[in-house]
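This report refers to the structure that appears directly beneath it.
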There are 2 protein chains.
Amino acid sequence: MTSGLRAGPLQPRRTAGGKLLAVLDAFTRDRPALTLSEIARAVGVPLSTAHRLVGELCAWGGVERDEDGRYRVGLRVWELGALAPRGLGLREAALPFMEDLYEVTHENVQLAVRDGTELVFVERIAGRSAVGVLTRVGGRFALPPTGVGLVLLAHAPLEVQEEVLARPPVGYTRHTITDPGQLRRALAEVRRSGVAISDRQVTGDAVSVAAPVEVRGTVVAALSIVVRGNSASAVRPYIPGVRAAARGIGRTLASTS
Amino acid sequence: MTSGLRAGPLQPRRTAGGKLLAVLDAFTRDRPALTLSEIARAVGVPLSTAHRLVGELCAWGGVERDEDGRYRVGLRVWELGALAPRGLGLREAALPFMEDLYEVTHENVQLAVRDGTELVFVERIAGRSAVGVLTRVGGRFALPPTGVGLVLLAHAPLEVQEEVLARPPVGYTRHTITDPGQLRRALAEVRRSGVAISDRQVTGDAVSVAAPVEVRGTVVAALSIVVRGNSASAVRPYIPGVRAAARGIGRTLASTS
DNA sequence: ATCTGTCTTCCGTCACGTGGAAGGGGTGTA
DNA sequence: TACACCCCTTCCACGTGACGGAAGACAGAT
């Protein structure tokens, strides 16, 4: 109601609703295999209920039983996930460009999208000599400290930006920007220059540069290179390359959707 | 009850149960974007019901709305799918080996798992000069005619084999094996030799060779190379390579699980 | 033998999902 | 302007099917 009419309703219902979905939520990167009791505890329902819920998901293919009798996310979910335009579709469009970039730089190349006030890594090519990375494909992370996150946040709807700015960012290192005003200026600079540089904001020895992937004027993802270093100059040579690759991905997406 | 006691119950419930899952099932590779009315029609519920169901999934992240107002599979599903051991986990373990294989051969390299009486392609590296392939990552296909399918079927539980053999296989080309007896012999040969060769059984100009990926004695996936050709001899030089790569994947999986 | 942890099945109750009906927009045809 | 036909959205009384307590089976540990 605020301004645009493009966003239809159909988001209000914030109740979890189906407990089936809550069961799926019980599986996380840290706990990808659960027993029935663990699921029941995580979801907060009696065992008998969990038993039926898991039974349904099992029959559907959403969860599977491994050889130890524990439950894991099933192939059906992966298969459905492959239909997500921001998942596999994006990955397939981006991979060739990411490989080219890796070929030239032999550094970590990352692709991420925004989900709410967080980011999700969709693909990564990790150089063995490159700096160690914290997250994995499919993993989530905070927006502000990362290069990809700065790009995604800078081009996010204002309400999302305000929501992130309202909460004080976590300080991972002494270089992490935690002051809202400073972060606001950094975002403006990202919009102006078209790239974001994160200088040791996540780990003390890594710098990254990120560029937006645009489709018809909308930023749908961000591409970055992460290198070992202790100043923004470490990534400066890579700026044109990252920018060009991000543009290439955007063009590919625009032509295939 | 037939023989083993390892497989617990918890599969009987064959009713779809939650309609939420039916909504997700409405999305397919052919129709990855649907309007609310299309979903309602596909699921077989009135619009108002579909509206609520989609609303729940939307709030959860299972479906998203694209700029045209149509619904698509959401990032949350992709993210969950990344936890599926037979999805992304398998892919990550296999990709280096597949890349090596591609480096040497520059032919199509495919990785697939069995789901019931079908196979699902988990990853593919497609050579541009290579033969055109029908399916995509995340796609399903019948077991019998493909190389990967023969491997997966040959090592599947007997009941699955019988189920497949009971139905007459579709004849894609005049080389497709459709006689149950002949297929039975082919499967025995696959078990004996450790590889499967599919000679023009899917398309008239392609031959493939596949090898099983084993983890602790269980076949969890199959790896294959598809080349243009008109006889089994076209793939014979690749047999050792495919076999070695498949073994390597299995070893990697065994050490990381 | 007992206890503590798994998982499985059954069944009576009542919350909650269901879907009919009504309303609001947009676009195309007369 | 009026009508027709799509889309989508909201509301609410009804009755079905999900819920979870209780009881039992099984395995391993003390």
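As the structure is a prediction and not an experimental result, all values here were calculated from the model. Each chain gets a letter, A, B and so on, in the order the sequences are listed, and its residues count up from 1. Side chains included, hydrogens not; waters and symmetry mates left out as well; all remaining heavy atoms used.
- Taking 3.5 Å as the limit, the base of dG5(C) and the side chain of S37(A) contain no donor-acceptor pair of atoms between them.
- Distance, L34(A) CG to dC7(C) C1': 15 Å, rounded to whole Å.
- Residue contacts for I39(B): at a heavy-atom cut-off of 4.0 Å it reaches no nucleic acid atom on any strand shown.
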For R76(B) and E79(B): C-alpha separation, side-chain torsions, deciding distance, then whether salt bridge (Lys or Arg N to Asp or Glu O under 4.0 Å) applies.
CA-CA 5 Å; R76(B) 189 78 243 279; E79(B) 197 183 342; 3.4 Å; yes
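- Distance CG (D66(A)) to P (dC7(C)): 12 Å, rounded to an integer number of Å.
- Counting non-hydrogen atoms of other residues, nucleotides and ligands closer than 6.0 Å to CZ of R191(A) gives a total above 12.
- Note on E38(A) versus R41(A): no salt bridge recorded, every NZ/NE/NH1/NH2 to OD/OE distance being 4.0 Å or above.
- The CG-P distance, from L36(A) to dG20(D), rounds to 14 Å in whole Å.
- The CZ-C1' distance, from R65(B) to dC8(D), rounds to 8 Å in whole Å.
- The shortest distance between the side-chain N/O atoms of T35(A) and the OP1/OP2 oxygens of dT6(C) is not below 4.0 Å.
- Contact annotation: R41(A) side-chain N/O to dT6(C) OP1/OP2 distance is under 4.0 Å.
- Distances shorter than 4.0 Å separate some side-chain N or O of T49(A) from OP1 or OP2 on dG20(D).
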List the steps, then state whether salt bridge (Lys or Arg N to Asp or Glu O under 4.0 Å) holds for E118(B) with R114(B).
CA-CA 6 Å; E118(B) 297 178 310; R114(B) 181 179 63 83; over 6 Å; no
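- Comparing dT8(C), dG19(C), dG20(D) against the side chain of Y71(A) picks out dT8(C) as the nearest.
- Proximity of R52(A) to the phosphate of dA18(D): no side-chain N or O atom is located under 4.0 Å from OP1 or OP2.
- Between the CG atom of L57(B) and the C1' atom of dG17(C) there is a distance of 14 Å, given to the nearest Å.
- Contact check on R91(B) versus E123(B) returns a salt bridge, with a Lys/Arg side-chain nitrogen under 4.0 Å from an Asp/Glu carboxylate oxygen.
- Look at CG on L47(B): it is 17 Å from P on dC11(D), rounded to the nearest Å.
- Here the nucleotide nearest the side chain of K19(B), chosen from dT18(C), dT10(D), dG21(D), is dT18(C).
- As rounded to whole Å, 4 Å separates atom P of dT8(C) from atom NE2 of H51(A).
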